[in-house]
Amino acid sequence: MISDNLKSVTQRIVSSCEKIGRSEKDITLVCVTKEASIAEIEEVLRLGVTDIGENRTRDALLKYRAIGDRVKWHLVGHLQTNKAKDAVRIFSLIHSVDSERLVGQIDKESKKINKVQDVLIQVNISREESKFGTSPENVLEFLKAISLYPNIKIRGFMTIAPEAENPEIVRQCFRELRELKDELNSVLPGLPSTKAGAGKTQYSILSMGMTSDFEVAIEEGSNMVRIGRAIFSG
Ligand SMILES: *Cc1c(COP(=O)(O)O)cnc(C)c1O
């Protein structure tokens with residue numbers, strides 16, 4: 001039952017927040033609908049979900065045509081440069097930016113529709129070859145390179161933890177991204193893109209945590225969890 005599942009996920013988010021003294025209001029639940037039908041998406045919307053995540057632009061486009069702008073659309077999966085044109089028309093937040101070529105394309109397509117596209121940098125904290133994302137060592141250089149594109153706004157960072165049996169490995173991965181975000185926020189005043197908001201924290205979003213690890217992610221500072229199976233399976 002989707003409604004029971006959603007209630008249970010929400011309760012687990014609340015408990016994780018209580019455990020570390022945070023407010024659940026700080027956490028955005030992105031309901032990942034890649035396995036869900038239009039009817040199931042309609043159901044979660046009725047239950048109060050405000051943010052929907054898809055991992056492919058082409059699938060999102062079909063669902064977007066049926067659902068429209070009643071929700072915020074998130075691209076959580078990899079984006080190919082040739083899909084940037086569709087992506088900027090649909091998504092409020094693109095979680096998976098990891099190359100300057102892609103940034104250039106998103107910037108160009110956003111400009112055409114007079115939009116400043118919010119994006120997250122995907123960081124491959126676990127350094128698994130199978131994963132997309134920029135390496136942690138390269139993030140600062142990457143940010144410097146892309147901070148001059150006017151139609152892109154970098155809001156924070158996203159990572160996917162390894163499927164490790166040892167939960168401490170997963171925890172370490174989330175902790176590293178949070179530390180990286182804090183570090184980058186402290187060195188940022190030197191970057192051109194922060195001139196407008198001098199002194200303010202620019203990178204605020206940490207998108208981390210899925211069905212198998214969202215509680216650990218919240219404990220380690222996540223403020224955006226991407227959850228599919230726990231809501232739509234079983
Ligand atoms: C599918 C997916 C999710 C959701 O995963 P679940 O295990 O179903 O909760 C989150 N993030 C990304 C990038 C995904 O592709």
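In each ligand, atom 1 is the first atom listed, and ligand 1 is the first ligand listed.
Protein heavy atom closest to atom 5 (O) of ligand 1, with residue, atom name and distance, is Met210 CE, 3.5 Å. When hydrogens are left out, the protein atom nearest atom 8 (O) of ligand 1 is Arg229 N, 2.8 Å; that is the closest non-hydrogen contact.
Among all heavy-atom pairs drawn from Ile218 and Cys17, the shortest one is CG2-SG, 4.0 Å.
Below 3.5 Å of separation, one finds an N or O of Lys34 facing an N or O of ligand 1. At least one N or O atom of Gly228 sits closer than 3.5 Å to an N or O atom of ligand 1.
Taking a cut-off of under 4.0 Å to the non-hydrogen atoms of Arg226, the atoms of ligand 1 that pass are 4 (C), 9 (O), 10 (C), 11 (N), 12 (C). Close approach of ligand 1 to Ile227 is summarised as follows: ligand atoms under 4.0 Å from at least one heavy atom of the residue are 9 (O).
Asn138 and Ser135 form a side-chain donor-acceptor contact under 3.5 Å, judged by distance and modelled atom types alone. If you check the side chains of Ser207 and Arg226, you find a donor sitting under 3.5 Å from an acceptor. Ser130 and Glu128 share no side-chain donor-acceptor pair at under 3.5 Å.
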Derivation of the side-chain hydrogen bond (donor to acceptor under 3.5 Å, both in side chains) call for Tyr64 and Glu54
CA-CA 10 Å; Tyr64 180 79; Glu54 283 284 327; over 6 Å; no

Apply side-chain contact (heavy atoms from CB on, under 4.5 Å) to the pair Glu109 and Lys115, showing each step before the final yes or no.
CA-CA 9 Å; Glu109 295 299 340; Lys115 179 181 185 183; over 6 Å; no

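The residue among Val9, Thr211, Val76 with a heavy atom at the shortest distance from atom 12 (C) of ligand 1 is Val76.
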